[in-house]
Amino acid sequence: MVHFAAFSLVGESMTEPLKYFDNNTYGMMQLLEVMRDTGVNKLVFSSTAAVYGIPEEVPIKETTPTKPINPYGESKLQMEQIMAWADAAYGIKGVALRYFNVAGAVEDGAIGEDHNPETHLVPNVLFAALGKKDKITMFGNDYATPDGFNVRDYVHPIDLASAHVLALEYLAREGRSDVFNLGSSTGFSVKQIVDAAEKVVGRSIPQEVGPRRPGDPDTLIADSTKARSVLGWQPRYDDVEHIIATAWKWTEAHPYGYGDDK
Ligand SMILES: NC(=O)c1ccc[n+]([C@@H]2O[C@H](COP(=O)([O-])OP(=O)(O)OC[C@H]3O[C@@H](n4cnc5c(N)ncnc54)[C@H](O)[C@@H]3O)[C@@H](O)[C@H]2O)c1
C-alpha cells in the first residue's frame with residue numbers, strides 16, 4: 001500500500017486544524033484498520049520535512065528532533081506515530097518517506113503538478129514568467145542565510161517515485177519499519193530559484209520582496225545519506241536548473257494544468 005492522499009496546505013492547517021487531523025490523522029487510522037482487517041501488511045507513506053518544524057540542526061537527519069510548528073506537520077507526525085503502534089500491535093510494517101520540497105515534471109512535459117490554489121514556489125515563479133501571475137512575491141529577505149532569502153531543498157518527483165519503489169522492496173526484503181528523508185541535500189534560496197528560472201525561460205521574471213510569512217524556518221536541507229545507503233536511492237535530478245526546465249516544459253504546454261486536457 002502506498003499512501004499519498006492528504007490535505008497539505010500549511011496556511012489552511014493553521015486556520016482549520018481539525019480538518020487536517022480529521023482527514024490526515026483519522027484517515028490514517030481508517031486505512032490501517034482496513035489494512036489490518038484485510039491482511040495487507042506493508043505501507044509506504046508520504047511524510048514531510050514539516051515534521052521537523054524549525055530544525056535543531058541542518059542538514060536535517062532522521063534523528064533530528066521532530067517538533068512541528070503547524071497542524072499539517074503535526075498531523076503527519078501523528079500518522080507516523082500511529083503507524084509505529086500499528087506495527088507493534090498488528091505487524092503492519094511501514095516506511096515513512098519525509099519529502100522536502102517537491103518540484104519538476106516528467107521530461108516530455110506530459111505530466112506535471114497542478115494544485116488549486118497553487119502555493120509552491122516553482123510553479124508560481126513560472127506562472128509569473130508566463131504572465132499568468134503579475135509577479136512572484138519572495139517572502140522576506142532578512143533570514144540568516146547567505147543572501148537573506150529562505151533556503152530549501154528541492155527534489156524531483158521522478159526521484160521520489162524511484163524511492164517509493166525502493167521502499168516497497170525494502171519492506172519486502174527486510175520486513176522492518178523505518179523512516180527516510182528524501183531531499184537532494186543541496187539548498188537553494190528563493191532568490192536563487194527565481195534567478196535559475198530566469199535562465200531557464202530566457203527572460204526576466206517580475207518579482208518583489210514581501211514580508212516574512214510566520215513560521216518559515218531559515219534553512220531546510222535534508223541529510224539523505226540514510227536513503228542513499230540503506231535503500232540504495234540515487235537521485236538523478238541534482239541540478240535545480242534541470243528540475244525547473246522540466247517544470248517549465250509542463251507549464252508552457254499546460255498553462256491551466258490538467259483543466260485543458262480533460
Ligand atoms: N508537494 C510537496 O512538496 C510535498 C512535500 C512533502 C510531502 N508531501 C506529501 O505528498 C503527498 C502528495 O502531495 P501533493 O503535493 O501531490 O498534494 P496534492 O494535494 O496535490 O495531492 C493529494 C491528493 O490527495 C487527495 N486526497 C486528500 N484527502 C483524501 C481522502 N481522504 N481520500 C482520497 N483522496 C484524498 C487530494 O484530493 C489530492 O488529489 C501528500 O501526502 C503531501 O502531504 C508533498
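Just follow the structure's listing: the first ligand is 1, and inside any ligand the first atom is 1. Basis for what follows: all heavy atoms, side chains included, without hydrogens, waters or symmetry-related copies.
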Among Ala6, Ser75, Ala5, Gly27, which residue places a heavy atom closest to atom 32 (N) of ligand 1? Ala5

Test your reading of the structure: does Asn101 have an N or O sitting under 3.5 Å from an N or O of ligand 1? no

Looking only at heavy atoms, which two atoms of Glu107 and Lys249 are closest? And how far apart? O-CD, 3.3 Å

What protein heavy atom is closest to atom 3 (O) of ligand 1, reported as residue, atom name and distance in Å? Val102 N, 3.2 Å

Under 3.5 Å side-chain donor-acceptor pair for Asp153 and Ser184: yes

Among all the protein's non-hydrogen atoms, which is closest to atom 44 (C) of ligand 1, and how far away is it? Tyr99 CD1, 3.9 Å

Relative to Phe127, does Lys133 satisfy both conditions: NZ or CZ under 6.0 angstrom from the six-membered ring centre, and within 45 degrees of the ring's axis? no

Please list every donor-acceptor pair under 3.5 Å in which a side-chain atom of residues 22-29 meets a protein atom from a residue at least two apart or in another chain.
residue : atom : partner : partner atom : Å
Asn24   : OD1  : Phe7    : N            : 2.9
Asn24   : ND2  : Phe7    : O            : 3.0
Asn24   : ND2  : Ser75   : OG           : 3.1
Thr25   : OG1  : Gln78   : OE1          : 2.9

May I ask you to say whether Lys61 pairs ionically with Glu57, meaning some side-chain N is under 4.0 Å from a carboxylate O? yes

All side-chain contact (heavy atoms from CB on, under 4.5 Å) counterparts of His120, not counting sequence neighbours: Glu113, His115, Glu118, Pro123

Polar atom proximity, Ser47 to ligand 1 (N or O, under 3.5 Å): no

Of all protein heavy atoms, the one nearest atom 1 (N) of ligand 1 is His120 NE2, 3.6 Å

Closer than 4.0 angstrom, basic N to acidic O: yes or no for Lys199 and Glu241? yes

Would you indicate which of Arg98, Lys76, His115 comes nearest to atom 14 (P) of ligand 1 when only heavy atoms are counted? His115

Identify the closest protein heavy atom to atom 28 (N) of ligand 1: which residue and atom is it, and at what distance? Asn23 ND2, 2.9 Å

Has Arg36 got its NZ or CZ under 6.0 Å from the middle of the six-membered ring of Tyr90, at an angle within 45 degrees of the ring axis? yes

Is there at least one pair of N or O atoms, one from Thr48 and one from ligand 1, spaced under 3.5 Å apart? no

For Phe4, the ligand 1 atoms with a heavy-atom partner under 4.0 Å come out as 11 (C), 12 (C), 40 (C), 41 (O)

Select the closest option to atom 43 (O) of ligand 1 among Phe7, Tyr154, Tyr72, judged by heavy-atom distance. Tyr72

